[in-house]
Amino acid sequence: MQILDGIKLAKEIKQEIKEAVEAAVKEGKRKPHLAAVLVGNDGASQTYVNNKIKDCQQVGFESSLVKLPNTVSQTELLEVIQKLNTQENLDGFIVQLPLPAQIDQEEIIEAINPKRDVDGFHPTNFGKMALDMSTFLPATPFGILEMLDRYNIPTRGKHAVIIGRSRIVGRPMSILMGRKDFPGNSTVTLTHSNTENLSYYTNHADIVITALGVPGFLTADMVKEGAVVIDVGITRVDDDSEKGYKLVGDVDFENVKQKASWITPVPGGVGPMTRAMLLKNTLLAYKNNTK
Ligand code: L34
């Protein structure tokens with residue numbers, strides 16, 4: 001078993017981005033600028049967004065954090081988005097999900113200027129992605145592709161089984177793994193909560209990608225010897241550590257790792273890659289804006 005080290009790769013990617021920024025600034029250009037909208041005070045969302053802001057500082061991006069209360073209305077949030085859509089010298093922004101129940105998430109995502117949608121969530125960008133057109137790829141699937149690429153994991157002709165069909169991970173992942181490209185060219189099975197006999201599919205998978213949010217869901221008996229296992233799940237589970245919780249993936253890591261050829265840890269796997277790809281998308285938006 002070998003570890004797909006998301007922390008190490010993210011560091012390499014951030015170094016590359018930092019050098020690109022330094023080169024642009026040397027030419028007299030402004031710095032790339034990313035904004036993040038954080039609604040409410042969910043602990044995990046706060047951590048992720050704070051880390052995204054720190055990442056910006058590390059690579060030399062400008063960053064802005066827009067914090068809104070949990071009680072924000074649809075209209076207020078739409079107003080914030082309209083400002084970010086046109087604010088000068090801003091390259092991209094994200095609205096961290098999930099949003100509170102009173103908010104219509106689809107309407108919010110559709111209100112984002114697709115050229116600034118560095119999450120790649122807008123229907124225009126999702127459509128371009130699905131049609132192999134150049135666009136912002138959603139950061140988590142993009143991060144997984146980058147991992148497979150940089151570790152040279154064979155994907156062509158392989159059977160990739162994805163568990164979960166969310167709009168931000170499972171569904172785009174299924175499209176990207178099936179593209180005529182590397183990484184890609186896989187035969188894809190997209191499984192979900194209504195799949196009958198799930199372990200039949202996972203047992204016939206060369207690559208398993210779990211994006212469920214159910215701790216320890218994928219057990220060793222569900223995995224083929226030598227499979228590549230990518231764990232997108234990240235759930236806070238209470239314990240008696242100082243923090244009061246630990247992070248647990250969808251994969252029963254200790255047992256599955258004995259059978260897997262390659263496996264991502266949680267934490268330190270897909271999460272850091274997601275953040276690195278957000279920076280990559282922001283750099284792309286910046287290049288589009290400053291060429
Ligand atoms: N709009 N909402 C929007 N864009 C996104 O791309 C996200 N996602 C998901 C949730 N909502 C979103 C993220 O940013 C999940 N996600 C995300 C980002 C980073 C990390 C995990 C999930 C991450 O950095 N994970 C670290 C541990 C961090 C910790 O200490 O909690 C890891 O090593 O896995």
Side-chain angles (χ1 to χ4, degrees), residues 3-11 13-14 34-40 42-56 58 63 65-68 77 80-81 84 92-100 103 105-106 108-112 114 116-122 125-126 129 136-147 164 166-173 209-213 215 230-239 241-251 253 263-282:
I3 295 282
L4 294 161
D5 185 343
I7 294 177
K8 189 185 115 201
L9 279 192
K11 218 173 166 180
I13 294 162
K14 285 201 279 190
L34 172 71
V37 180
L38 175 61
V39 180
D42 174 71
S45 294
Q46 281 178 333
T47 303
Y48 302 155
V49 171
N50 288 338
N51 285 340
K52 289 174 183 183
I53 299 290
K54 269 187 224 154
D55 292 334
C56 285
Q58 283 173 10
S63 59
L65 175 56
V66 183
K67 277 191 181 181
L68 299 168
L77 187 50
V80 169
I81 289 168
L84 295 172
F93 67 96
I94 64 160
V95 180
Q96 187 72 17
L97 305 179
L99 292 166
I103 301 293
Q105 182 186 294
E106 290 309 318
I108 297 301
I109 291 172
E110 276 198 65
I112 297 173
R116 295 188 173 195
D117 169 39
V118 284
D119 261 331
F121 291 172
H122 189 283
N125 289 327
F126 194 100
M129 182 267 304
F136 306 113
L137 300 182
T140 300
F142 191 11
I144 294 169
L145 292 183
E146 193 79 15
M147 229 176 186
S166 70
R167 66 172 291 152
I168 72 173
V169 186
R171 196 179 300 264
M173 195 75 241
I209 303 173
T210 63
L212 277 172
I230 311 280
D231 190 350
V232 185
I234 178 164
T235 308
R236 291 183 170 196
V237 175
D238 291 345
D239 72 357
S241 68
E242 210 173 297
K243 278 197 209 160
Y245 66 87
K246 61 176 177 178
L247 300 172
V248 185
D250 290 344
V251 175
F253 185 82
I263 189 166
T264 62
V266 174
V270 174
M273 291 302 291
T274 296
R275 284 164 31 210
M277 293 305 110
L278 175 63
L279 298 174
K280 226 175 164 164
N281 280 339
T282 306

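Counting starts at 1 for both ligands and their atoms, in listed order.
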Note down each nitrogen or oxygen pair, ligand 1 side and protein side, whose separation is under 3.5 Å; give only atom names and the distance to 0.1 Å.
| residue | atom | partner | partner atom | Å |
| --- | --- | --- | --- | --- |
| ligand 1 | 1 (N) | V95 | O | 2.8 |
| ligand 1 | 1 (N) | D119 | OD2 | 2.7 |
| ligand 1 | 2 (N) | L97 | N | 3.0 |
| ligand 1 | 4 (N) | D119 | OD1 | 3.1 |
| ligand 1 | 4 (N) | D119 | OD2 | 3.2 |
| ligand 1 | 11 (N) | Q96 | NE2 | 3.1 |
| ligand 1 | 11 (N) | L97 | O | 2.9 |
| ligand 1 | 14 (O) | K52 | NZ | 2.7 |
| ligand 1 | 24 (O) | R275 | NH1 | 2.8 |
| ligand 1 | 33 (O) | G268 | N | 2.6 |

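- A salt bridge links R275 to D55: one of the charged nitrogens lies within less than 4.0 Å of a carboxylate oxygen.
- For Q105, the side-chain contact (heavy atoms from CB on, under 4.5 Å) criterion is met by L97, L99, I109, R167, not counting sequence neighbours.
- Contact record, E146 with M277: CG-CE, 3.7 Å, taken as the closest heavy-atom pair.
- The side-chain contact (heavy atoms from CB on, under 4.5 Å) test applied to A211 returns V169, V232, not counting sequence neighbours.
- A cation-pi arrangement is not found for R116 relative to F93, the charged atom failing to lie both closer than 6.0 Å to the ring centre and inside a 45° cone about the ring normal.
- Here T140 pairs with T274 under the side-chain hydrogen bond (donor to acceptor under 3.5 Å, both in side chains) rule; sequence neighbours left out.
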